[in-house]
Amino acid sequence: MSKTYFISGATLDDGSRKDLYIADGKIAGFENPSNSQALVINATGKIILPGLVDLHTHVREPGKEDSETVASASRAAAKGGFTALSAMPNTSPVADTAGVVEQVFRLGTEAGLCDVFPIGAVTKNLDGEELAEIGAMADSAAQVRIFSDDGHCVSNPQVMRRALEYVKKFNGVIAQHAQDPDLTIDAQMNEGIVSSILGLKGWPAVAEEAIIARDVLLTEHVQSRLHICHVSTAGGVEIIRWAKARGINVTAEVTPHHLLLTDELASSYDPVYKVNPPLRTAKDVHALREGLAEGVIDIVATDHAPHPAENKECEWQQAAFGMLGLETALSVVALTMVETGLMDWKGVAERFSRAPARIGGYIHQGRDFAKGEMANLTVFDPSVSWRVDRDLVASRSRNTPFHGMELPGMISETFFKGVPSLLNAQLLTEDNL
Amino acid sequence: MKHLLSINDLSEVEAVAILDTATELARVSDAPMKKLPTLRGRTIVNLFAEDSTRTRISFEAAAKRLSADVINFSAKGSSVSKGESLKDTAQTLQAMGADAVIIRHQASGAAHRLATSQWMSGTVINAGDGTHEHPSQALLDAYTLRKHLMHGQKNLQGIHVAIVGDILHSRVARSNVLLLSKLGAKVSVVAPPTLLPVGVHSWPATVSYDLDDVIPNIDAIMMLRVQSERMNELYFPNAREYSRYFGLNTDRVKRMKKESIIMHPGPMNRGLEITADVADSARSVIVEQVSNGVSVRMAILYTLLTGEGIESGALA
């Protein structure tokens, strides 16, 4: 018989008090049975959220295993309170065939610490020209429903239109990296006051906003489903607000780093702050927080992007775009959204678990705490803060922009399918279970 | 002050002290024996990852007149940017015992990275980084302006300087706007709107799209080189049209104040941003800028490596 667990004393995301008895991978009840052998977890004062679901993760496997693997990303996920990841297809080879998405899916199952749902490429080799084998990926063992050329924009409007139409067959969604390529050739950072001083080539907000505007209109025209990756601009939020009011089927995500950090950080020329889309201004940060609180932005997604040291220990222009996100995401959201009074924990559960699970069609994720539901959940203490240390991350890479920052919210347990992947803030693997 | 990465590293007092020191050191350049023993035994590396003969030899002459040992590390574009990393280069220079590194690099912020990343411990002097800054050029320009226009006044309070041309890509413009305004001058940047950065309104300068509007009011004009590759990037229709609106020719010079001076950091595109007769005219101080460059760079090295300047008259 598998191990059983009893979590006592915690508050659920909706504010109700409930103890959870976990057996056979599921929430089996709300009391500890009299003859129970359950491991008791005293969670007094802590909060339980449905396990976090990330719709935007770069796991780097296959091909760039020096920066991350599916297994190491899964460990980082468990530490960050996630029970599901969505692996972006910009691997080597690109996940543009059934074979590659099945490989990633299998590696996720083998790691066994969270669900790893592959995202398929929209176009072959992310070239933006010919459609990838979208149907085959949807029908594969990985059952892909989200397609994205993330890292690249599907910039040709006809290709975008066809992709939006094609995925309607199986209720898929196109996740667009909104970046007009002609407006952002060699772009290095947000175009504005700071870039004018630093002499770094600007990435104007309009390059994001113009694509969002075009794509919500295309989505309306072909009656499909669109998801906007990592919205970073106040104007982007405004256009999505307009599109939703018009009834267009669009969802959007914001990253934790865009909720907290601004382009002023580029003044250090430290490429740990180099990310795509770039860090924007305080005005954008404010609009993103408002948009997330309001629900114009549906979800938080990490855009976890590990890079080896040599790709960041160099000149800004030479450096790779991207920053780690999984292990700090919940704390950054606690800092920017909950401590500011913009959102409660129920809102966090919605934006960080339930809504992403709905968008991705991840049926065992983002569930309510009802008897018989699969036990995918996160236990954390919002009253304890911790200092981020890039040398202590579970990821294979160390490129966190939050190094040295004091952040609120310590995650103590993550349960995946009724088994702790994190217990007493320690990672558990097959070996030490 | 350990490094010179940006004009923002200098206070007005420190900037004036460098100009004063340069004035004193200019006497050395004029003497038959053009050498001071100040930096004997110190090693200065010229790390030039981008071609720039004039800045490199200017710093080299400056260092040698102060008796430093100079090593020229000329890593052309690709070898530093693609082969050996800046980090490895810095660690190599550290191992060789460089007391100061003068760096010219095509990446904005390269000098900052060298100074702040703990790859090496020596002094870093920015000799031009990408489209960011070129502080020694601004200091030599301020020196030249002061010498011609200020009649013994220490700062540049009261004069109006126009910087004309490709402001967007110019590190000379960025450093000059910061330094000249810090020293009290009024600065106008003049360019077609395509060659001004978004965000220029935050600079301590007024912005104009019309050179003819500005010409009668200024005490000095600084013409910037227009890179030939800009022609193909839609910044302006063609060279002829650029010259017509933003080039300095005899007609425009006639409308300038009588005492005003004409400057150019070089290398010039004669016939594009400046006509040959204007460049060679009596109002032009372009050649003098080069000789002033050596004195100012001596002053920069002297100040950073000895930790002090030279009082006025001390070398008399």
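Because the structure is predicted, anything quoted here is derived from the model rather than measured. Every chain is numbered from 1 and lettered A, B, ... according to where its sequence line falls, protein lines coming before strand lines.
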> Calculate, to the nearest 0.5 Å, the distance between atoms NZ and CD belonging to B:Lys87 and A:Glu310 respectively.
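B:Lys87 NZ to A:Glu310 CD: 9.0 Å, rounded to 0.5 Å.
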> Show the nearest heavy-atom pair for residues B:Ala110 and A:Glu315, with the distance to one decimal.
CB-CG, 4.3 Å
> If you count heavy-atom pairs under 4.5 Å between each of B:Ser170, B:Gly109, B:Ser117, B:Gly130 and chain A, which one has the most?
B:Gly109
> Does any heavy atom of chain B fall under 4.5 Å from the side chain of A:Ile197, the backbone, both, or neither of them?
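Answer is both: backbone and side chain atoms of A:Ile197 are under 4.5 Å from chain B.
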> Please name the pair of heavy atoms, one in A:Leu200 and one in B:Thr131, separated by the smallest distance, quoted to 0.1 Å.
N-OG1, 4.4 Å
> So, using side-chain hydrogen bond (donor to acceptor under 3.5 Å, both in side chains) as the criterion, who are the partners of A:Thr233 when residues are at least two apart?
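With sequence neighbours excluded, A:Thr233 shows a side-chain hydrogen bond (donor to acceptor under 3.5 Å, both in side chains) to A:Glu208, A:Glu209, given in chain and number order.
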> What is the minimum heavy-atom distance between A:Tyr269 and B:Arg113, and which atoms define it?
O-CD, 3.1 Å
> Can you tell me which residue pairs pass the side chain to side chain donor-acceptor pair (under 3.5 Å) test with a partner in residues 253-263 of chain A, sequence neighbours excluded?
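Listed once each, the pairs are A:His56-A:Glu253, A:Asn190-A:Asp263, A:His227-A:Glu253, A:Thr255-A:His257, A:Thr255-A:His258.
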> Show your reasoning for whether side chain to side chain contact (heavy atoms under 4.5 Å, CB included) applies to A:Trp316 and B:His112.
CA-CA 10 Å; A:Trp316 180 283; B:His112 271 84; over 6 Å; no
> What salt bridge (charged side-chain N to carboxylate O under 4.0 Å, His left out) pairs are there with at least one residue in residues 230-241 of chain A, not counting sequence neighbours?
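Non-adjacent pairs meeting salt bridge (charged side-chain N to carboxylate O under 4.0 Å, His left out): A:Glu238-A:Arg241, A:Arg241-A:Glu294.
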> Can you name the closest pair of heavy atoms from B:Arg174 and A:Ser196 and give their distance?
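Looking at all heavy atoms of both residues, the shortest contact is NE-O, 2.7 Å.
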> Are there residues of residues 187-209 of chain B that reach to under 4.5 Å of chain A by heavy atoms, and which ones?
B:Pro197, B:Val198, B:Gly199, B:Val200, B:His201, B:Ser202, B:Trp203
> Looking at A:Ala266, A:Cys314, A:Ser195, which makes the most heavy-atom pairs under 4.5 Å with chain B?
A:Cys314
